[in-house]
There are 2 protein chains.
Amino acid sequence: MPKRTDLSDTFCPVGRSAELLGDRAVLLILRDLFFGNRRFEVIAANTGLGPQLVSARLKRLESEGVVERRAYQERPVRHEYWLTAKGKDLFGVLYAMRGWAERWAYRDGETGGGSAMRYIHRACGSDVGTALVCPGCGETLGYGDLKGEPSPELRAEQARRGRSESARR
Amino acid sequence: MPKRTDLSDTFCPVGRSAELLGDRAVLLILRDLFFGNRRFEVIAANTGLGPQLVSARLKRLESEGVVERRAYQERPVRHEYWLTAKGKDLFGVLYAMRGWAERWAYRDGETGGGSAMRYIHRACGSDVGTALVCPGCGETLGYGDLKGEPSPELRAEQARRGRSESARR
DNA sequence: CATAGTAACTATGATAATCATAGTGACAAG
DNA sequence: CTTGTCACTATGATTATCATAGTTACTATG
């Protein structure tokens, strides 16, 4: 695309986040990072994105201070990508997206009755549904407070992705 | 781009929303719609997007059931774009994006001390900051409960956009 | 020690989305 | 009957994205 007007210095906060988050690949990579996938190949397989896109986006996320590259071994040097505090704070955005989709983006019965991704409040054990405040104990929910549980359907899909990736070689 | 793998039928809820929301133009248009701008030209001017992009995205939003086209006059027929219930429910996502940006995307003092966009809880009058639950009365916050107040800096920028748009003719 | 394997990329060429700019159609006002 | 407004559509250049293949730097196995 041609040079589009850069919005990172607009005064509008939604404009600023849109510059980073208004990108499919960024959103998918963030999803994987929140899910605990930190390796390049795993992220590429899970998101279905090509390696150069993953590479480019991880670089952008790193330069924005959302993600941190950490070597998990020397010889050969291998890296993992970790969310920084600024990155972890994006949980609210992803959680809101997930909530909206759970409420609107599935046809009846498509998820087998429940949520595609269940979230359990670690502190009290309640299923929080898509709430912002725990329906069990009333606490405000943030990253770390919740434990994600993919539905059997979602788990199966993830397994399929992993397999077809490794089957290609 | 080449046909990328469509994620609207993945089981992952974030993947499904990413298909719609992982797009700068969609995010900016939604921002304007939540702000109360419903006319094509106003949206185009405010977002800085070209008319064919605005047109294409409004069509997509309409086909997704997020936006509704309503004629506000006959002879000549003129339309406005209104958020549907499904669209209004995206407020949580935009609000989370705004909150994140307010916390992380400004250098010190850039906003003149406060938020770029203040939100006031209509019911009790408190400034909610970037909270999900009103710090004054403890109520959960959703679209309609809040009144947005752009900072002087943001207001000035919006005025500038409007002017430079009309000055081009 | 030679081949195979793994992780994390980079290179290449085709395709498609985005941009700026200009133009259109339908009407209203002066 | 010219100018103006609103909501678009048309066009051509530019650039991002995709699929596929190749690279680098090692380790592990036979």
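Lettering of chains follows the sequences in order, A, B, ..., and the numbering in each one begins at 1. Reckoned from all heavy atoms, side chains included, excluding hydrogens, waters and symmetry mates.
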Can you sort out the partners of B:D89 under salt bridge (charged side-chain N to carboxylate O under 4.0 Å, His left out), two or more places apart, ordered by chain and number?
A:R103
Rounded to whole Å, how long is the line connecting atom CD of B:E19 with atom C1' of D:dT17?
14 Å
Cation-pi geometry met for A:R39 and A:Y72 (6.0 Å, 45°):
yes
Partners passing salt bridge (charged side-chain N to carboxylate O under 4.0 Å, His left out) against B:K88 (at least two apart in sequence or in another chain)
none
Residues in side chain to side chain contact (heavy atoms under 4.5 Å, CB included) with A:A71, at least two apart?
A:E74, A:V77, A:H79
A:D23 CG to C:dA17 C1': how many Å, rounded?
13 Å
Return whichever of A:R38 or B:V77 has its heavy-atom-nearest nucleotide of DNA chain C closer to the 5' end.
A:R38
When you measure from the side-chain N and O atoms of A:R69 to the phosphate of C:dC9, is any distance below 4.0 Å, counting only OP1 and OP2?
yes
In chain order, what residues pass the ring pair (Phe, Tyr, Trp, His ring centres under 6.0 Å) check against A:F34, with sequence neighbours excluded?
A:F91, A:Y143
Set of salt bridge (charged side-chain N to carboxylate O under 4.0 Å, His left out) partners for A:E62, sequence neighbours left out:
none
In 5'-to-3' order, the base (B), backbone-only (S) or no-contact (-) status of each nucleotide in nucleotides 21-28 of chain D, using a 4.0 angstrom heavy-atom cut-off, is ----BSS-
CD1 of B:I43 versus P of D:dA7: gap in Å, rounded?
9 Å
